[in-house]
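Worksheet: the structure to be examined is printed underneath.
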Amino acid sequence: MIVRSLRAENLLKYRHLDLPEVPARGLIGITGENESGKSSIGEAICFALFGRTFAVTGDEPAKLVRWGESRCSVRLGFTGSDGQDYEIRRFLDRDGNQGARLSRAGEPDAPLAKGLATVAEAMERRLGFDFDEYIESFYLAQREITAPHPHSEAVRIMAGVAPLERTRASLEAEIGREADAILDVEGRIADVDRQMQEQGYDPERMQRDATRLEGSRALQGRIDEVAEGLRDAVERFTGARRRIASLKSRTRRAGILGLLFILLGAIGVGAWALSTWTPDTPVAGALRGLLTGMPIDVLGYGGAGALILGALLLLRRLLLGSRLAGARADDAGLRAALDALDALEADLPGEIQTGLAPSADDPGDDSGRRVRLLEGLAGGDLDAFVVQQFVARQLERLSALRGLVEAAAAEVEKDLIGQGERKEGYDKLAAMAEAFRQQIGDHRQRIRVRESARELLTGAAREASHRFNHNLRGLVGKTLPLFTQGRYEHLRIDDNLEVQVFSAEKRDFMDLEEVSSGTQRQIMLALRLALSQELVNRVVKGPQFLFLDEPFAFFDEARTRSALEALPRLSGEMYQIWLVAQELPEDAGFALRVRCRRGGAELSLNI
């Protein structure tokens, strides 16, 4: 940035200040006695650029208004870092009300920006630096020349560290927010865990209930199967008993008749054989007498037929006996059904057996009857009515047993349904807790990423700081010999901008306290100018002005002349250098000289 013109009204010392044309290149000397308004020119430029000055803080701008006046104004023409010409105007009253307007040169009625914030943003884009950077580099106020503070914002920006540190601070804040978020989510997890405990869900109990319910349903099926087996067995047994009675009667009749017919047949055949084969015997004659009028063969045929019929009846008796044995085999089915009943009762759970225990009024003890029943089955003389009564009692007992099992199953199922409802709530809460844990994992992952980025930024900032110090040493190494007539050429600058100068005489580096105060100021001025050059190289990247207020205080004449000769040769970018001093050599080759008077409130130049 290069200053082109400066006009002010009622600003600080001046009622009217007018520098209509300022040379773009060369030294601009401002001289005068103490309190003659020299520094006010620099503060007018600073106020025009930033709305504040080094001497007057931002919370008391009214001090910039000239004593006895109500308002002040300033108008600054300049060339920005983009090479374009602009004009900025600012207005301020004693109540602190301030206005600002930025426009292109010659176009005051077409502002590019209006208002303090908008103008400040637009100015920083066109200048390439802000107030703090300006104060630490291009503007040396009337003060003791000291080394810049290594941790000042301006120096960090010059070093390229500030953006990295801002990003690192942003990452630190994000890490803190992520850590707070983890604490918040952990609190939510604790709350969900408490709710899960309050659900009363017991997975082991639910598994036991499910197993018990499955067992109860299997037992009900087994009871139904045993009852059905008893009904079928007693039905078959009763039918078999009726068939056995009929078969016994028919078997007896067939046996008796068969034996009778065989006896009669044997008699008939025997009589026929006697009459036929021994006709002369008295017995044969008697038979023939009895069979008067009948042929003897009738007796043989009749006897043979009786034998055949008797044999058939005996064969039928055998067949009926086989059917009787088959009917008696149904007793085994009843015995198997009773065995299945015994096995069922033996496998009953203890609480069911307790529920089936006979009372004092109705002992219901069928063990004796069952023994007699089995003995009757073994003897084959068991009455069907006795069996029916016994089985009826067993069926009643099985019905009661099934009722107990159903009731127990209903209680288990009810508890299982309750557990299922609790499990549903528990699972929802568990899913919430898992989602929260996933959030914690995400937060921790983001923290790890940001911690890694923070470490990288720390390393990058350290590297940028080292590189900045290295560049600064190089720039000072070019400037310092010009200021010290070659007596000092090398500086050593650490990360805290602590400076040591190399002495050719001592062949070692010395602390600044070991050199004269004039040399110290020369070294500090060289360091400040090196910082300015670094800022130009980094952000401005174009022509730039410097405003040095009393840079040669406590310099002797030789040092002052040496500095004046060196300043125009410092940099190819430092086109315009403003110098404020009580006196400056007349032959120093100034492009413009401005002389201030202690009692004057008007300063106007017509170049």
Side-chain angles (χ1 to χ4, degrees), residues 1-22 30 35-82 84-135 138-139 141 545 547 549 578 580 594 596 600-606:
M1 172 205 161
I2 299 297
V3 176
R4 292 292 188 178
S5 63
L6 176 64
R7 293 179 176 84
E9 302 289 337
N10 299 320
L11 182 68
L12 295 170
K13 171 182 172 60
Y14 292 104
R15 180 182 298 109
H16 176 71
L17 172 64
D18 186 11
L19 303 178
E21 294 184 15
V22 179
I30 303 174
E35 299 183 1
S36 62
K38 302 187 298 298
S39 297
S40 296
I41 296 175
E43 293 195 64
I45 295 174
C46 189
F47 174 65
L49 294 176
F50 304 106
R52 56 182 295 194
T53 72
F54 175 77
V56 178
T57 59
D59 58 351
E60 47 184 4
K63 289 185 177 181
L64 293 171
V65 181
R66 188 172 186 272
W67 179 256
E69 302 294 338
S70 61
R71 65 189 301 272
C72 69
S73 65
V74 64
R75 183 171 61 185
L76 178 71
F78 68 95
T79 302
S81 60
D82 56 2
Q84 299 294 317
D85 290 339
Y86 299 94
E87 184 177 81
I88 183 170
R89 301 187 181 195
R90 289 189 185 271
F91 311 90
L92 175 67
D93 62 23
R94 284 204 173 274
D95 294 329
N97 300 312
Q98 188 177 163
R101 174 181 294 191
L102 175 67
S103 60
R104 293 189 184 278
E107 301 177 7
D109 297 329
L112 299 173
K114 295 173 63 177
L116 300 183
T118 305
V119 168
E121 182 180 348
M123 286 294 292
E124 186 169 354
R125 288 200 304 271
R126 285 160 178 81
L127 298 178
F129 50 84
D130 61 12
F131 176 80
D132 291 329
E133 295 168 72
Y134 175 69
I135 294 298
F138 304 134
Y139 180 69
F545 84 99
F547 195 97
D549 193 350
W578 297 62
V580 175
V594 179
C596 302
E602 305 280 341
L603 179 60
S604 178
L605 297 180
N606 292 311

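If you read the sequence from its start, that first residue is 1, and numbering goes on from there.
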Do any side-chain atoms of residues 87-105 form donor-acceptor pairs under 3.5 angstrom with protein atoms, and if so which ones, sequence neighbours left out?
from	atom 1	to	atom 2	distance (Å)
Glu87	OE1	Arg89	NE	3.0
Glu87	OE1	Arg89	NH2	3.2
Arg90	NE	Phe47	O	3.1
Arg90	NE	Ala48	O	2.8
Arg90	NH2	Leu49	O	3.2
Asp93	OD1	Asp95	N	3.0
Asp93	OD1	Gly96	N	3.1
Asp93	OD1	Asn97	N	2.8
Asp93	OD2	Asn97	ND2	3.0
Arg94	NE	Glu69	O	2.6
Arg94	NH2	Val65	O	3.2
Arg94	NH2	Arg66	O	2.8

More than 12 heavy atoms from other groups under 6.0 Å of CD on Gln84: yes
Nearest non-hydrogen partners of Tyr86 and Gly80, listed with the distance: CD1-N, 4.1 Å
Atom pair CG (Leu605) and CD (Glu21), whose distance is rounded to the nearest 0.5 Å: 10.5 Å
Derivation of the side-chain contact (heavy atoms from CB on, under 4.5 Å) call for Leu127 and Phe138: CA-CA 12 Å; Leu127 298 178; Phe138 304 134; over 6 Å; no
Distance in Å, Ser70 OG paired with Asn10 CG, rounded so as to fall on 0.5 Å steps: 7.5 Å
Stepwise side-chain contact (heavy atoms from CB on, under 4.5 Å) check, Arg4 with Val22: CA-CA 5 Å; Arg4 292 292 188 178; Val22 179; 5.9 Å; no
Interatomic distance, Leu603 atom CG to Lys13 atom NZ [nearest 0.5 angstrom]: 9.5 Å
Backbone of Leu19 reached by a side-chain donor or acceptor of Ser5 within 3.5 Å: no
Pairwise distance CZ(Arg75) to CD(Glu9) - rounded to 0.5 angstrom: 9.0 Å
Mutual orientation of the aromatic rings belonging to Tyr139 and Tyr134 [parallel < 30°, tilted 30-60°, perpendicular > 60°]: parallel
Trace of the side-chain contact (heavy atoms from CB on, under 4.5 Å) decision for Trp578 with Val3: CA-CA 10 Å; Trp578 297 62; Val3 176; 3.9 Å; yes
Heavy-atom side-chain proximity of Leu11 to Ser40 below 4.5 angstrom: no
Minimum side-chain heavy-atom gap Pro20-Arg7 below 4.5 Å: yes
Side chains of Leu17 and Leu12 in contact at under 4.5 Å (non-hydrogen atoms): no
Heavy atoms from other residues, nucleotides or ligands near CD of Glu35 exceed 12 (cutoff 6.0 Å): no
Ring pair (Phe, Tyr, Trp, His ring centres under 6.0 Å) against Tyr14, all qualifying residues, sequence neighbours excluded: none
Euclidean distance, Ile2 CD1 relative to Asp85 CG, rounded to 0.5 Å: 11.0 Å
Ring centroid separation Phe78 to Phe545 under 6.0 Å: no
From CA spacing to verdict: side-chain contact (heavy atoms from CB on, under 4.5 Å), Asp549, Lys38: CA-CA 8 Å; Asp549 193 350; Lys38 302 187 298 298; 5.5 Å; no
Which atom of Ser36 lies closest to which atom of Cys596, heavy atoms considered: O-CB, 3.3 Å
Gap between atom CZ of Phe547 and atom CD of Glu43 - 0.5 Å precision: 9.0 Å
